[in-house]
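The structure appears right after this line, and notes come after that.
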Amino acid sequence: MFKMLSFIKPYRIHASIAWMFMLIELLLELMLPFIIAKMIDDGIQELKLDVVIHWGLVLVAASIVVFLSGIINTFYAAYTSQNVGYDIREKLYSQIQSFSLSTLTRFQTSSLVTRLTNDVAQLQQTIFMGLRIMMKAPLLIAGAIIMSFIVNARLAMFFIIVVPLLLFFLVWIFKKAGTAFVSVQRRLDQINRIMRENLGAIRLIKVFSRKQYEIKRFNKESVSLQKQTISAFRLIETSTPITMLIMNFIIMTFLWFGSIQVQTNTATAGEIVALINYTTRIISFLSIFSMMIMIFSRAKASAGRIHEVMETKSDDLNMNVSFKKNRDVINHGHISFHHVSFQYPDAQEFALKNVSFEVKSGETLAIVGETGSGKSTIVQLIARLYDCSEGNLCIDGMNIEDFAVKSLRDDIGFVLQESHLFTGTIKDNIKWGNKLAAEEEVIEAAKSSQIHHNILKFKNQYDTLIGQKGVNLSGGQKQRLAIARALVRKPKILLLDDCTSALDVKTEAKLLQSIKPMKCTTIMITQKISTAMNADQILVMNKGEVVGCGNHEELIHNCYLYRQIYETQYGKE
Ligand code: ADP
């Protein structure tokens, strides 16, 4: 929690102004009962109207200053907390962006979303409250006790006994509630995860008629969150009636002993009124204090969760920009794997075992093989999403680890298996691959990926919105748009991870034909032999190993697995 306070540093002037006005407000508020006591004892009791008017005017002036100080304090507290929230969110977001894929898998996406939204909001609220009333509450309680001693030391002795006991009790509750709120946040993560999964798979849920099942799954988590939250709040709520009971007991004591003292002339009526006034203030601020405890407990849990992300090492390979050799761009796009083995972090088995092959500059390599045979892993290693566990992966004869990762990736066009499009226009989505691309380059990329004619059929053509508020594209259209996004980068190396599966054979052939003149080294993962046949070379993968490499004719004769796949798709003859 205290580490989070460092985010307030840039706004220390605003925070100090908020504090200063809070202190002015506090001091004057503490003076108000004192002024009322003076008005009663020196004015009303003595029947002196001018004294009543004098103290009355002081009371009005003090109240106006309290009011104005409150407004200024709120303004600066809001300014500071909003800015700190923004800064934390920004730092957290860039920290998450700097994680490698393996680190990212340690945090659930839903949990990261909760941390970026709910947890940051929790901290923001706490900072606001901190500058507005959190510090005011203990100071006012302490100030009210001191003022009570000034007014009537004998009666004020009660506070010395009762208030520390109450505080001890509240701190105990605070600690317990802190632990309870950590569980609440965890449950919230779960709920977010289920909601994300459900909303993302709404079509699947409908066609599988799993609505009731999913509703039950959601309700189960929801009830669990409800129970956990209720039990955390219950803990906090027990503090309020106990606090009220004790403080009401003090008021009764003041009235009882006060009336005796007034009768024996050892106290005045004004003093008793002032003491009761201080007691009610202490009561109201003790309840605020209990509320603050709750907010603080939640903020502590949130701060811990934010801190966990911030403390995680930024380990994206992007960060370790290494220039061991004085070259950081791909010149030709010649790719060679030398006895490469790879094991995913935390995986039991190797996903790639002793893989060796070569793709010459500008050539096309097709990779075929069963699901899970390691095809995607190969292309991910080329984009350096992971580093090889053993062996060497070289591009243009240089070890891939000697390239600056950003420059390496700038020269790569990668189309993933699942085409992901962003909210925005068709043009925005293609340009996402290369922000500097001119209009003609966008159209050229769309033409090459065989989507140009489809785009022209839309009313707003390249400015057509896609996503929730725009047109819905078919699977094949999405795939071609994702390919256009990669082509607009004019990559030296093009990696196509089974991204033409939804295209018909004719369109796919045209697409591959239009990529050829681009002279980029292309690696395409495919399930279709008809596609693989057009490549210069075909790599056959099985259980992480290369079981065949060559052109179609060669493989038909000397690779059993390839022949099997071929026969399944074309028949034995
Ligand atoms: P393919 O593309 O041929 O379907 P992959 O390269 O995706 O195969 O996967 C190869 C193997 O690595 C599979 O056994 C798969 O379960 C495993 N694998 C893939 N991705 C991960 C990951 N992120 N973490 C752990 N294991 C993985």
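Index from 1, following the sequence. Ligands are counted one by one from 1 in listed order, and the atoms in each one are counted from 1 as well.
Considering backbone and side-chain N/O of P345, none are found under 3.5 Å from N/O of ligand 1.
For atom 6 (O) of ligand 1, the nearest non-hydrogen atom of the protein is T377 OG1, 2.4 Å. Of all protein heavy atoms, the one lying nearest to atom 1 (P) of ligand 1 is G372 N, 3.4 Å. Counting protein heavy atoms only, atom 18 (N) of ligand 1 is closest to Y344 CE1, 3.3 Å. Counting only heavy atoms of the protein, atom 7 (O) of ligand 1 lies nearest to S376 CB, 3.6 Å.
Inside a 4.0 Å radius of atom 10 (C) of ligand 1 there is at least one protein heavy atom.
Distances from ligand 1 to the non-hydrogen atoms of S373 include at least one value under 4.0 Å. Contact between Q417 and ligand 1 is absent, with no heavy atom of the residue lying under 4.0 Å from the ligand.
Atom numbering of ligand 1 starts at 1 in the shown order; those under 4.0 Å from a heavy atom of A351 are 11 (C), 12 (O). The ligand atoms of ligand 1 that sit less than 4.0 angstrom from a heavy atom of E370 are 3 (O). Within ligand 1, the atoms closer than 4.0 Å to a non-hydrogen atom of T371 are 4 (O), numbered from 1 in the order shown. Under a 4.0 Å criterion applied to the non-hydrogen atoms of K375, ligand 1 contributes the atoms 1 (P), 2 (O), 3 (O), 4 (O), 6 (O), 8 (O).
Counting only N and O atoms by type, the side chains of D396 and H334 include no donor and acceptor under 3.5 Å apart. Looking at E508 and T500, their side chains do bring a donor and an acceptor atom within 3.5 Å of each other. Using modelled atom types, one finds a donor on one side chain and an acceptor on the other under 3.5 Å when comparing H452 with Y462. Residues D428 and T425 have side chains that bring a donor and an acceptor to within less than 3.5 angstrom of each other. When only modelled atom types and interatomic distance are considered, Q564 and Y560 share a side-chain donor-acceptor pair under 3.5 Å. Checked by atom type, the side-chain pair T377/Y344 shows a donor-acceptor distance below 3.5 Å.
Look at K427 and E439 and you find a salt bridge, because one of the NZ, NE, NH1 or NH2 atoms lies within 4.0 Å of a carboxylate O, short of that distance. One finds a salt bridge joining R217 and E214 here, because a Lys/Arg side-chain nitrogen approaches an Asp/Glu carboxylate oxygen to under 4.0 Å.
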